[in-house]
Amino acid sequence: MHGRSRVFLLRRIHLKDSDRPRQLSCQTSPSPLPPDSNLKPLCLQGRLHEALLGMATLGAEVRFHGYDALLTACIDRRAFLEGQLVHAHMIKSQYLPSVYLATRLLIMYVKCDSLNDARHMLEAMPERNVVSWTAMISGYSQKGHCAEALGLFVKMMEAGQLPDEYTLATVLTSCTGPFGPKHGRQIHSLALKTNFDSHMFVGSSLLDMYAKASEIEDARRVFDILPDRDVVSCTAIISGYAQLGLDAEALEVFKLLHKEGMDCNYVTFSCLLNALSGLAALDYGRQVHGLVIRCELPFYVVLQNSLIDMYSKCGSLIYSRKIFDNMLERSVISWNAMLAGYGKHGLGSEVVRLFKSMVQEVRPDGVSFKAVLSGCSHGGLVDEGLDFFDFMVNDQRMKPDIGHYGCVIDLLGRAGRIEKALDLMKCMPFEPTTAMWGSLLGACRVHANVSIGEFVAQKLLDIEPENSGNFVILSNIYAAAGRWQDVARVRELMKERTVTKEPGRSWINLDKTMHTFYSSDRSHPQREQIYAKILELYERIKEAGYVPDLSCVLHDVDDEQKESMLLGHSEKLAIAFGLMGSTPCKLIRITKNLRICVDCHNFAKYVSKVYARDISLRDSNRFHLIVRGTCTCRDYW
DNA sequence: ATAGGGTTAG
């Protein structure tokens with residue numbers, strides 16, 4: 001055991017020792033039982049109401065131990081009304097509570113979610129200790145009232161009260177949001193001064209604070225110097241990576257800690273599954289599911305929800321549904337995860353069917369409607385989607401947020417009702433987002449609406465000139481209309497505004513290894529075979545009618561170079577590799593970090609037809625399941 | 001007495 005932990009232990013032992021003489025003296029000269037001595041056994045047996053009756057009968061004869069037992073029972077059972085009765089009884093009997101009992105009252109109010117009463121209690125206390133302050137700070141933290149929690153912490157310091165490890169662990173959870181890291185670092189230095197920085201609870205709180213502030217290296221540093229680790233601190237670092245989208249790192253650190261024999265609980269697995277969802281790592285997901293089963297954990301809705309989500313994001317909806325059907329109880333999140341799964345796979349009718357059974361059991365929330373609306377959009381159920389929006393607003397009386405409007409704009413665009421979508425954007429109570437303009441631009445491309453497409457693209461280029469995807473789509477629109485001069489103009493524009501974007505990346509999991517490809521990537525050990533395979537595919541699908549869409553390349557090069565750049569797209573590398581490596585007839589599963597490009601989508605369709613192979617392609621937006629040359633997205637995405 | 005990690009959607 002680390003030295004500092006031993007110090008904590010000694011402190012506790014020391015406190016216990018100081019209690020001992022009093023207990024001994026009680027034993028040597030037994031006094032008659034106090035009048036309120038029957039309250040405690042009643043409370044311990046869960047007979048709180050009988051104990052309250054006893055309290056009322058005793059009047060002013062209730063003592064410390066009676067009140068303590070009553071308050072403990074109220075705290076355990078979150079019994080607010082009963083707790084208020086105890087408090088009122090104290091006042092009526094003119095009983096002056098000690099700091100301890102007053103703090104117990106405060107804690108009772110905190111646990112019963114009555115922060116105002118708790119705050120009044122704290123203000124009225126003539127004397128406070130570190131527990132009183134911490135309990136109140138904890139109340140604010142847990143309700144998400146970060147500013148109040150931090151403000152009270154400062155007040156505590158000003159009052160001359162030093163924080164202990166409980167206070168620090170608590171107040172750090174309120175260091176979120178824009179000023180979180182600033183306050184968090186100050187509290188970190190305070191923890192260093194008071195030698196609590198490597199306390200396990202303070203440490204996990206610290207590392208989580210850094211992770212939520214995107215300072216993952218600082219989080220890792222805190223984790224690495226912790227003298228002891230437990231489930232929570234290990235889970236916190238895994239979760240930290242996963243929250244920032246560093247899914248591979250989350251998996252790596254889990255593998256490491258698992259080898260070292262870390263404990264896992266349902267939170268650990270939830271975080272880990274979350275990372276595997278991001279990686280679309282079905283093999284690992286199955287393994288972790290197996291691990292979950294072998295751990296024989298009790299039933300946790302949260303964990304089952306994570307499994308549903310993992311299977312659906314790894315492309316295995318059948319397993320998602322199996323988990324969903326076998327659940328002992330479901331939360332609204334279980335339904336939402338299942339709905340979103342069907343939606344991302346383009347199964348609109350399944351979304352509608354599931355939603356209809358959902359409303360029989362639980363009240364859908366805002367997320368449910370987002371899933372249903374986007375599910376209808378991806379599944380091509382335009383009118384159904386609009387009906388659901390109507391149902392949400394007029395029937396359920398729910399206020400749509402900006403995301404719901406985004407879904408409806410997407411729906412209208414898909415139906416080719418582009419003017420209508422523009423109208424909605426003008427009259428909705430939010431500023432249009434780039435995602436909305438982007439969705440509309442996509443609609444203009446599919447429905448060949450050049451004039452609105454130009455207008456929308458201009459908007460987008462003003463708002464986010466750094467996103468080259470917008471230039472590409474605008475160029476697609478011009479190319480489709482045969483306006484080659486405008487294609488050239490867009491290319492010039494792009495050159496002027498040195499466009500940087502997140503590099504496109506596709507990956508495929510084969511034999512429990514993740515093979516990642518970037519555009520024109522030559523780093524794979526089998527690169528020669530992969531490029532040879534691409535050329536082979538290219539020749540054969542050209543015979544079947546594939547024509548490369550050169551407008552997908554915006555670099556100012558000649559057509560021959562464009563062709564070779566197009567063939568180097570990461571999706572194509574992954575497809576070629578998938579065809580080389582996997583067993584015939586097996587579904588080829590590919591994942592991409594951005595949206596799939598028009599040409600790659602077309603390429604995949606031809607390959608699937610000519611080679612009679614099914615291809616599942618998950619892009620940042622949805623799944624494209626391509627079977628015999630037809631995609632579930634119906635060429636709209 | 002008071003404390004740390006948490007699933008859907010975006």
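Just so it is clear: chains get the letters A, B, ... in the order the sequence lines come, proteins before strands, and each one is counted from 1. In this text, all values refer to a predicted model and were calculated from it rather than measured experimentally. Scope of the values below: all heavy atoms of this structure, side chains included, with no hydrogens, waters or symmetry mates.
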Problem set entry | Partners meeting salt bridge (Lys or Arg N to Asp or Glu O under 4.0 Å) with A/Arg595 (sequence neighbours left out) | none
Exercise. Can you name the residues that form a side chain to side chain contact (heavy atoms under 4.5 Å, CB included) with A/Ala211, not counting sequence neighbours?
Worked result: A/Ile216, A/Ala219
For this session: Quick one: label A/Phe369 by what it contacts on the DNA or RNA (base, sugar-phosphate, nothing), any heavy atom closer than 4.0 Å.
Result: nothing
Problem set entry | A/Asp218: salt bridge (Lys or Arg N to Asp or Glu O under 4.0 Å) partners, not counting sequence neighbours | A/Arg185, A/Arg221
Exercise. What's the CG-C1' distance between A/Leu354 and B/dT8, to the nearest Å?
Worked result: 13 Å
Exercise. Can you name the residues that form a side chain to side chain contact (heavy atoms under 4.5 Å, CB included) with A/Cys271, not counting sequence neighbours?
Worked result: A/Thr235, A/Ile238, A/Ser239, A/Val267
For this session: Kindly state which residues belonging to residues 200-213 of chain A come within less than 4.0 angstrom of DNA chain B, counting heavy atoms of the residue only, listed by number.
Result: A/Met200, A/Phe201, A/Ser204, A/Ser205, A/Asp208, A/Lys212
Exercise. Considering residues at least two apart in sequence or located in another chain, which fulfil the salt bridge (Lys or Arg N to Asp or Glu O under 4.0 Å) criterion with A/Glu260?
Worked result: A/Arg229
Problem set entry | Listed partners of A/Asp619 passing side chain to side chain donor-acceptor pair (under 3.5 Å), at least two apart | A/His624
Exercise. For residues A/Ser132 and A/Asn129, is any side-chain donor paired with an opposing acceptor at under 3.5 Å?
Worked result: yes
Problem set entry | Sub-4.0 Å heavy-atom contacts from residues 299-314 of chain A onto DNA chain B, ordered by number | A/Val302, A/Asn305, A/Ser306, A/Asp309, A/Lys313
For this session: Specify the residues of residues 270-277 of chain A, ordered by number, for which at least one heavy atom lies under 4.0 angstrom from an atom of DNA chain B.
Result: A/Cys271, A/Asn274
Problem set entry | Which residues share a side chain to side chain contact (heavy atoms under 4.5 Å, CB included) with A/Asp230, sequence neighbours left out | A/Met200, A/Val232, A/Ser233
Exercise. Considering only side-chain heavy atoms of A/Ile333, which listed nucleotide, B/dT8, B/dG6, B/dG5, is closest?
Worked result: B/dT8
For this session: Describe the nucleic acid contact of A/Ser334 in one word from base, sugar-phosphate, nothing, applying a heavy-atom distance below 4.0 Å.
Result: nothing
Exercise. Which residues pass the side chain to side chain contact (heavy atoms under 4.5 Å, CB included) test with A/Met209, sequence neighbours left out?
Worked result: A/Leu172, A/Cys175, A/Leu206
Exercise. What nucleotide, of B/dG10, B/dG4, B/dG6, holds the atom closest to the side chain of A/Lys370?
Worked result: B/dG10
Exercise. Taking the side chain of A/Val267 as heavy atoms from C-beta outward, which of B/dG5, B/dG4, B/dA9 is closest to it?
Worked result: B/dG5
Exercise. Is there a side-chain contact between A/Met398 and A/Arg363 (heavy atoms, below 4.5 Å)?
Worked result: yes
Exercise. Per the atom types in the model, does the base of B/dG4 pair as donor or acceptor with the side chain of A/Asp230 at under 3.5 Å?
Worked result: yes
For this session: Ignoring the backbone of A/Thr103, work out which of B/dT2, B/dG5, B/dA1 is nearest its side chain.
Result: B/dA1
Exercise. Listed by chain and number, what are the salt bridge (Lys or Arg N to Asp or Glu O under 4.0 Å) partners of A/Asp76, not counting sequence neighbours?
Worked result: none
Problem set entry | Among B/dT8, B/dA1, B/dA3, the one nearest A/His199 by side-chain distance | B/dA3
Exercise. Out of B/dG6, B/dT2, B/dA1, which has the shortest distance to the side chain of A/Asp164?
Worked result: B/dT2
For this session: Compare the minimum distances between each of B/dA1, B/dA3, B/dG4 and the side chain of A/Val131, then state the nucleotide with the smallest one.
Result: B/dA1
For this session: Assign A/Asn129 to base, sugar-phosphate, or nothing according to its heavy-atom contacts below 4.0 angstrom with the strands shown.
Result: base
For this session: Figure out the CG/P separation between A/Asp247 and B/dT7, and round it to whole Å.
Result: 13 Å
